[in-house]
Amino acid sequence: MKSIFVSALLVILGIASAVNGQFNESKTARKAAEKLTKGDRTGAIAILDKAIQQRKDLLEAHKMRGNVRSMGGDLDGAIADYSAVLEINPNDAEMYEQRAMFRTFKRDYSGALKDYNAAIANGLKSEKVYSGSAAVKRDMGDMEGSIADYQTAIAINPNFASAHIGLSITFEKKGDLNGAMVHLQDFLDRYEGKRNGKLPKLTNGQPIGESISIKRDGKETDGSQVFMVGNEVTASYSAKTPEEAEKKQANMEQLMNVSLAYFNLGRIYAKKDELDKALENYEKGMKIKKDDPYAYGLRSDIRIKKGDLQGAIDDLTFVVKSPLRSPGFHFENALLLVLQGKDGEAEKELALHLQMFPGAKEGLDKRIEEAKKLRSSQPTN
């Protein structure tokens, strides 16, 4: 099973207020935001470090430094800053939610669940909080609790794509593949119906700073790939008011998650060997988010199975060249090299992948053989 659950977009979009420097209360935060909008993450952190050392503007400086640290992949540092904020203001519900997200990724499930409960107790009874709590309960093995929390999130906001994705994943992990498929299909049918079949496009400006991609702590025994990818903050993301900024942030998150819903539905159809339906859903998701290497990797599998050698090569070439690729791109590169007849180089790339995901060998060997079969079926000049 190849699965990339991109909680990353929440990490990066969560620092939108830092990019919109005019919304910051303190001079310290505004100066740091100016650095950040120029792509100078190090400079922004230096300003915040100095303020914290001088015990100046502590609340906002810690919040902002936690956000900026997360952009560079320093999740422990981000958690420490959010904890400092909560020492100053133990009733900051949004900080509990933010810290819970990173604690979840670090596999501190009990800490994350306490944070989500604290966010709710302090009045933040939002769809995002209940979805986050549901994901933690799923990771802890509490499937019924997870389903209940996702259903609460959907009751709060029936259009919240992240909750529909999470509920479908929970069904899938319970072994109910048909239930997972039906739920996502129903959500996406309604989504398209409200738009007369016309899908929106996610447009981004120039990215700020370098993208980062972090593999989740611990070894995945099933060969799955779980990453936090930070690459979505853009210089063009601006707003005139905090309310407008929040609305833009929510809209961007929603579009990214709708595209992911299509990718996940396509992956389920592929599991059921319904290749045309899988391809249809991948391409719908790609209409919304055209630069997602995950989708190109998924589509390459279908093209290999359908005998489209050049299409598969094109998709895998996009993946390995994409700056948004995950650390697990070594397998996609191995497949590409096999299709190009470079088996020796492919073996080296596959070995690199298996160092990261030792439990994946059996399934990957099957996909390598499919690629070799497709290559050998082509006429020679």
Side-chain angles (χ1 to χ4, degrees), residues 5-17 82 86 91-105 109 111-140 142-174 176 179-195 200 202 239 241-262 264-265 288:
F5 305 129
V6 229
S7 56
L9 71 98
L10 301 180
V11 176
I12 296 308
L13 292 175
I15 64 98
S17 62
Y82 298 150
L86 288 166
N91 303 118
D92 190 331
E94 291 183 356
M95 276 295 95
Y96 283 115
E97 179 193 16
Q98 192 84 342
R99 188 173 67 176
M101 182 171 59
F102 294 124
R103 281 181 161 175
T104 302
F105 192 79
Y109 298 134
L113 194 56
K114 287 179 182 177
D115 277 349
Y116 280 124
N117 288 336
I120 292 168
N122 281 281
L124 190 59
K125 300 179 181 181
S126 69
E127 61 268 38
K128 287 178 66 175
V129 168
Y130 281 104
S131 287
S133 175
V136 172
K137 288 178 180 178
R138 182 180 63 228
D139 284 343
M140 295 176 76
D142 180 7
M143 298 302 177
E144 297 309 315
S146 176
I147 290 171
D149 277 356
Y150 278 128
Q151 288 174 336
T152 299
I154 291 168
I156 294 169
N157 182 357
N159 299 317
F160 191 53
S162 181
H164 290 284
I165 292 169
L167 184 55
S168 175
I169 290 169
T170 304
F171 286 145
E172 189 175 354
K173 285 187 176 292
K174 284 186 66 178
D176 184 4
M181 179 191 69
V182 168
H183 183 81
L184 273 187
Q185 187 69 72
D186 179 65
F187 165 67
L188 290 169
D189 284 347
R190 286 186 282 109
Y191 183 85
E192 289 183 33
K194 290 178 180 178
R195 291 156 185 80
L202 179 63
T241 65
E243 292 75 21
E244 183 184 352
E246 185 176 348
K247 185 176 180 180
K248 285 188 174 184
Q249 176 179 324
N251 183 60
M252 192 179 294
E253 288 183 13
Q254 174 73 353
L255 287 180
M256 293 182 75
N257 280 316
V258 169
S259 69
L260 184 58
Y262 279 113
N264 277 6
L265 181 57
I288 298 172

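Treat the numbers as computed from the prediction; the structure is a model and nothing was measured.
In this view, F171 satisfies the ring pair (Phe, Tyr, Trp, His ring centres under 6.0 Å) rule with no residue, not counting sequence neighbours.
In this structure, L265 and M181 have side chains that are in contact, with non-hydrogen atoms separated by less than 4.5 Å. Here the side chains of E172 and N264 are not in contact, with every heavy-atom distance at 4.5 Å or above. The shortest side-chain heavy-atom distance between D92 and N122 does not fall under the 4.5 Å cut-off. Between K174 and E144, the closest side-chain pair of non-hydrogen atoms falls below 4.5 Å. The shortest side-chain heavy-atom distance between L255 and P200 falls under the 4.5 Å cut-off. Using a 4.5 Å cut-off on side-chain heavy atoms (C-beta onward), K125 and V129 make no contact. Using a 4.5 Å heavy-atom threshold, the side chains of E253 and K128 count as touching. With contacts defined as side-chain heavy-atom distances shorter than 4.5 Å, the pair K173/I169 qualifies.
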CA sep, side-chain torsions, deciding dist, call: Y96, L124, side chain to side chain contact (heavy atoms under 4.5 Å, CB included): CA-CA 10 Å; Y96 283 115; L124 190 59; over 6 Å; no
Derivation and outcome, side chain to side chain contact (heavy atoms under 4.5 Å, CB included), residues L167 and L184: CA-CA 9 Å; L167 184 55; L184 273 187; over 6 Å; no
Full working for side chain to side chain contact (heavy atoms under 4.5 Å, CB included) between I147 and Q151: CA-CA 6 Å; I147 290 171; Q151 288 174 336; 3.7 Å; yes
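Minimum heavy-atom separation, D149 to S133: OD2-OG, 2.7 Å. Contact between Y262 and E192 at its shortest, heavy atoms only, is OH-OE2, 2.7 Å. Residues F187 and A261 share a closest heavy-atom pair of CE2-CB, 4.5 Å. The nearest pair of heavy atoms linking S131 to Y150 is O-CE2, 3.7 Å.
The cationic group of R99 does not satisfy the cation-pi geometry with F102, failing either the under 6.0 Å distance to the six-membered ring centre or the 45° limit from the ring axis.
Distance check: F160 CZ to Q254 CD gives 7.5 Å after rounding to the nearest 0.5 Å. To the nearest 0.5 Å, the span separating CG on D139 from OG1 on T104 amounts to 7.5 Å. Distance check, rounded to the nearest 0.5 Å: CD of Q98 to OH of Y82 gives 4.0 Å.
In this structure, Q185 places its CD atom where more than 12 heavy-atom neighbours from other residues, nucleotides or ligands lie under 6.0 Å away.
A donor-acceptor pair under 3.5 Å is absent between the side-chain atoms of D186 and the main chain of V182, judged by distance alone.
Between Y130 and the choices T152, I154, N157, the side chain to side chain contact (heavy atoms under 4.5 Å, CB included) rule is met once, by T152.
For the 3.5 Å distance criterion, the side chains of S146 and T170 qualify, holding a donor opposite an acceptor.
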